[in-house]
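Notes follow the structure.
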Protein chains: 2
Amino acid sequence: MTTEPSTSTRSEPDAVARILAAAATLFAEHGYDRVSMNQIAAAAAVSKANVFHHFSSKKELYLAVVRGACNAAERLRTLGEPGGPVSRRLPDYAEGMLRDMLEHDQIHRLMMRELLTDRDDRFDRDLAERVFGDTFARLVAILRSAQETGELRREIDPAMVATLLIGASVFFFQSREVLRHFPDVRFAQDPSGYSRMLVDLLLNGMAATAEPATRKIRKDAV
Amino acid sequence: MTTEPSTSTRSEPDAVARILAAAATLFAEHGYDRVSMNQIAAAAAVSKANVFHHFSSKKELYLAVVRGACNAAERLRTLGEPGGPVSRRLPDYAEGMLRDMLEHDQIHRLMMRELLTDRDDRFDRDLAERVFGDTFARLVAILRSAQETGELRREIDPAMVATLLIGASVFFFQSREVLRHFPDVRFAQDPSGYSRMLVDLLLNGMAATAEPATRKIRKDAV
DNA sequence: GTCTATATCGCGATAGAC
DNA sequence: GTCTATCGCGATATAGAC
């Protein structure tokens, strides 16, 4: 007769959800080893014993958090499927990827941390890898089809382009705080400018054309 | 009268050196938090107390290791100064950078770990950043001079190219174990092939040229 | 489900003999 | 300089009342 959703006494936003949220934030910020169950419990406003009641170990809690992050990351990737010339889709794709990372900073930091951890130290040895691999494969497929329509040079290895595109975005994401301090860098706080320049560079290269006179109008003002 | 180098009893390759070497390996492999002074002492074949005798804390030992890695990384960077057309020097530069990273895996893992650590959690807040910044600034200077001689397009931001070049190398370095598992990727174990493709892509772009006959003209597909 | 209280362990760091 | 032995603390994890 009551409106109780399940077994909860009457209940807050659900202790489990609070624990997961607190753990996600802390793990993303500081990494597994620098976060204690005490901190997580405090941040979630529950007792430490309660955390252990819901998650049998710290490791298991961490896994639950990483799984959540991977699922979320997978759900975010809706772009890329519909058609159109790649040279038009690519800027959006790159900018979308970068914006996703920045907006869902936490999720992606967790995923990147997991990918960069030595395989033997990792808890789940291929979850993040699988999610990342899917994104990668989809991007390669798009590039390959653009080669078949003749839009992109055939000598190029599409996996190479995908690596470069993703790598440049990941590197920007990881290093923006460091890059910000370099006097030469003006794009550290302008992700959309960065991805536009990135795609332009990838498409057109940086070598000067031989005859400036006959140049086919390339004035992508940066 | 004796041949004793200094104060050592008679001594092995020097306990301090052994400790530093063991610590460097372990820190590079697993990170600061997952390595204990016990492990380091065991790997260096000395007692834990002896480690504390030479380094007053774990933190200080770690700092000594990172400083050593940064110095080593700085010493490695001899390329880039002499002249010549950038389009010829760049492939060597990129390949050299990548080969350095792979050959001195340990040093660079340590430096990257330090760069990717949140600024507030970092022990030395700008050592690695300074070393990395020097490399970056030197590369930017080379690219900028190539723009002034007209070899590279003037609209391009040299810092952008440097970011892309370094980012692509760093990403390859970090992710080669993951990339190796992707069916589309054939270059994961061929760093020199990777850097050649990388520079070619950066110089010439991937867009198909409109008229293969008059190929100097590269038409923007956009 | 949630708490307080406690067990147990391994860590960084120290004391003091040799 | 090097060792053995040990301290003190905070970590994960558990026991058991409510």
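Nothing here was measured: the structure is a model prediction, and the numbers come from that model. In what follows, every chain begins at residue 1, and chains take the letters A, B, ... in the order their sequences are listed.
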Kindly list each side-chain donor-acceptor pair under 3.5 angstrom involving residues 182-194 of chain A, sequence neighbours excluded, with atom names and distances?
{"unit_1": "A/Asp190", "atom_1": "OD1", "unit_2": "A/Gly193", "atom_2": "N", "d": "3.0"}
{"unit_1": "A/Tyr194", "atom_1": "OH", "unit_2": "A/Ala168", "atom_2": "O", "d": "3.0"}

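- Five base pairs at each end of the helix from C/dG1-D/dC18 to C/dC18-D/dG1 define two local axes, and these are offset by 0° (rounded to 10°).
- Looking at residues two or more places apart in sequence or on another chain, you find no salt bridge (Lys or Arg N to Asp or Glu O under 4.0 Å) involving B/Arg125.
- Checking D/dT12, C/dG12, D/dT2 against the side-chain heavy atoms of B/Ser36 singles out C/dG12 as nearest.
- In this view, A/Asp121 satisfies the salt bridge (Lys or Arg N to Asp or Glu O under 4.0 Å) rule with no residue, not counting sequence neighbours.
- The stretch residues 35-64 of chain B participates, sequence neighbours left out, in no salt bridge (charged side-chain N to carboxylate O under 4.0 Å, His left out) pair at all.
- Under the salt bridge (Lys or Arg N to Asp or Glu O under 4.0 Å) criterion, B/Glu129 pairs with B/Arg119, B/Arg122, sequence neighbours left out.
- Using a 4.0 Å heavy-atom cutoff across all strands shown, B/Val51 reaches no nucleic acid atom at all.
- Among residues two or more places apart in sequence or in another chain, the salt bridge (Lys or Arg N to Asp or Glu O under 4.0 Å) test is passed with B/Arg180 by B/Glu177.
- Side chains of B/Asp157 and B/Val161 form no contact here, defined as non-hydrogen atoms less than 4.5 Å apart.
- Not counting sequence neighbours, the partners of B/Asp118 by the side-chain hydrogen bond (donor to acceptor under 3.5 Å, both in side chains) test are A/Arg109.
- Contacts of A/Val16 with the nucleic acid, taken as non-hydrogen atoms under 4.0 Å apart, are absent.
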Under-3.5 Å N/O pairs linking protein and nucleotides 3-7 of chain C:
{"unit_1": "C/dC3", "atom_1": "OP2", "unit_2": "A/Ser47", "atom_2": "N", "d": "2.7"}
{"unit_1": "C/dC3", "atom_1": "OP2", "unit_2": "A/Ser47", "atom_2": "OG", "d": "3.1"}
{"unit_1": "C/dC3", "atom_1": "OP2", "unit_2": "A/Asn50", "atom_2": "ND2", "d": "3.3"}

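- Near DNA chain C, defined here as any heavy-atom distance below 4.0 Å, there are no residues from residues 19-33 of chain B.
- Sorted by first then second residue, the salt bridge (charged side-chain N to carboxylate O under 4.0 Å, His left out) pairs that include residues 22-36 of chain A, not counting sequence neighbours, are A/Asp33-B/Arg34, A/Arg34-B/Asp33.
- Here the nucleotide nearest the side chain of A/Phe52, chosen from D/dT12, C/dT2, C/dC11, is D/dT12.
- Remark: A/Asn38 is not in phosphate contact with D/dT12, judged by side-chain N or O atoms under 4.0 Å from OP1 or OP2.
- In this entry the distance linking NZ of A/Lys58 with P of D/dT12 reads 4 Å, nearest Å.
- Every pair passing side-chain hydrogen bond (donor to acceptor under 3.5 Å, both in side chains) that includes a residue from residues 62-73 of chain A is listed here, sequence neighbours excluded: A/Tyr62-A/Glu114.
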